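First the structure, in the form of structure tokens, and then the observations on it.
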Amino acid sequence: MLCKVQILAHLEKYIKAREEVRALIQVIQKLTVVSNPTRIFEVGTEIEGRDVIEIKQVGYEQDGGGLFSEFHVLDENGYLISSVENCPVIVDWKTIAEHGEVEKCFYCEEQPATEVKFGKPCCFGCESQEISSSARFYAMSDNQKANHVKMGLQAFKLVFEENEK
């Protein structure tokens, strides 16, 4: 069981690592319009030959106290693909690093970092990955754990890339 000093040390490391990851913002990744038929708009997909690049929430409060709910689905040129007005929707949000100097994931070195794992910036995909080994994970420092996971993920990546060729 961890003592209070160890817990505070881990918390301090976590906070410091979290601050090192650039400012994070939330964007809409997927918008599901609950209707018949159900319509799904997702960033990165194609609709009628146009790529969905952004989904914006542009609703506003009306003077009478009501709320006007509206979402715009935009293409790569910023043109409107679709507008969803006053419909029940399910919104899936994604946390991403703010534009500017985007920090890459320490583990895969490809995706932008959105989380912190073992004191290192990581992407959503790598954050959920676990590596099993004969090494005593509990006896390792956070830096050793991070390097251990990174090497394991890189080994898997190399094996699967060669199998695809």
Side-chain angles (χ1 to χ4, degrees), residues 14-132 145-165:
Y14 176 80
I15 291 170
K16 185 178 179 192
R18 191 72 180 164
E19 288 171 355
E20 289 174 4
V21 175
R22 304 290 177 234
L24 302 176
I25 57 173
Q26 286 193 312
V27 296
I28 299 174
Q29 176 65 28
K30 183 169 147 184
L31 181 72
T32 305
V33 182
V34 183
S35 61
N36 191 10
T38 300
R39 300 234 14 223
I40 298 173
F41 302 99
E42 187 168 6
V43 173
T45 60
E46 191 175 296
I47 298 174
E48 297 177 6
R50 295 162 66 191
D51 293 325
V52 176
I53 297 299
E54 184 178 11
I55 302 171
K56 282 186 176 179
Q57 185 173 12
V58 294
Y60 56 89
E61 286 188 42
Q62 295 174 334
D63 293 334
L67 183 68
F68 183 74
S69 171
E70 184 174 8
F71 295 88
H72 287 173
V73 180
L74 305 173
D75 70 5
E76 63 272 11
N77 298 318
Y79 296 128
L80 192 65
I81 295 174
S82 186
S83 175
V84 179
E85 300 173 4
N86 284 336
C87 293
V89 296
I90 300 169
V91 180
D92 294 331
W93 295 89
K94 181 178 183 179
T95 303
I96 61 170
E98 195 170 16
H99 291 295
E101 191 174 318
V102 177
E103 192 162 5
K104 296 284 185 183
C105 174
F106 172 79
Y107 302 98
C108 68
E109 298 175 347
E110 294 175 1
Q111 300 296 319
T114 59
E115 308 286 335
V116 175
K117 181 175 186 167
F118 302 126
K120 303 288 185 184
C122 71
C123 65
F124 179 76
C126 290
E127 196 279 326
S128 62
Q129 299 299 318
E130 294 294 331
I131 302 293
S132 298
K145 289 176 187 176
N147 286 321
H148 189 78
V149 171
K150 181 178 182 174
M151 285 186 288
L153 289 172
Q154 288 176 343
F156 284 126
K157 184 178 175 182
L158 286 172
V159 168
F160 287 112
E161 281 180 357
E162 286 186 14
N163 285 341
E164 291 176 0
K165 291 180 181 178

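The structure presented is a predicted model; accordingly, all values stated were derived computationally and were not measured. In this chain, residues are counted from 1 in sequence order. Heavy-atom basis, side chains included; hydrogens, waters and symmetry copies ignored.
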Checklist entry - So among Val58, Asn86, Val84, which one has a side chain to side chain contact (heavy atoms under 4.5 Å, CB included) with Glu70? => result Val58
Item to check | Note, Val89 side chain near Val34 side chain (heavy atom, < 4.5 Å) | outcome: no
Item to check | Pairs involving residues 28-78, ordered by first then second residue, that meet ring pair (Phe, Tyr, Trp, His ring centres under 6.0 Å) (sequence neighbours left out) | outcome: Tyr60-Phe68
Checklist entry - Can you list every side chain to side chain donor-acceptor pair (under 3.5 Å) pair that touches residues 41-58, not counting sequence neighbours? => result Arg50-Asp75
Checklist outcome for this item: Between Ser83 and Leu80, the two heavy atoms sitting closest are CB-CD2, 4.2 Å
Next on the checklist: Any donor-acceptor pair under 3.5 Å linking the side-chain atoms of Ser69 with those of Glu85?
Outcome noted: no
Checklist entry - In Å, rounded to the nearest 0.5 Å, how long is the span from CD1 of Ile81 to CG of Leu74? => result 7.5 Å
Next on the checklist: Using the side-chain hydrogen bond (donor to acceptor under 3.5 Å, both in side chains) criterion, which residues pair with Lys150? Sequence neighbours excluded.
Outcome noted: Glu109
Next on the checklist: Between Ile40 and Val33, does the side chain to side chain contact (heavy atoms under 4.5 Å, CB included) criterion hold? Intermediate values first, please.
Outcome noted: CA-CA 6 Å; Ile40 298 173; Val33 182; over 6 Å; no
Checklist outcome for this item: Rounding to 0.5 Å, atoms CG (Leu31) and CH2 (Trp93) come to a distance of 10.0 Å
Item to check | Student check: side-chain heavy atoms of Cys122 and Phe106 closer than 4.5 Å | outcome: no
Next on the checklist: Per the side chain to side chain donor-acceptor pair (under 3.5 Å) rule, what does the pair list look like for residues 28-40, sequence neighbours excluded?
Outcome noted: none
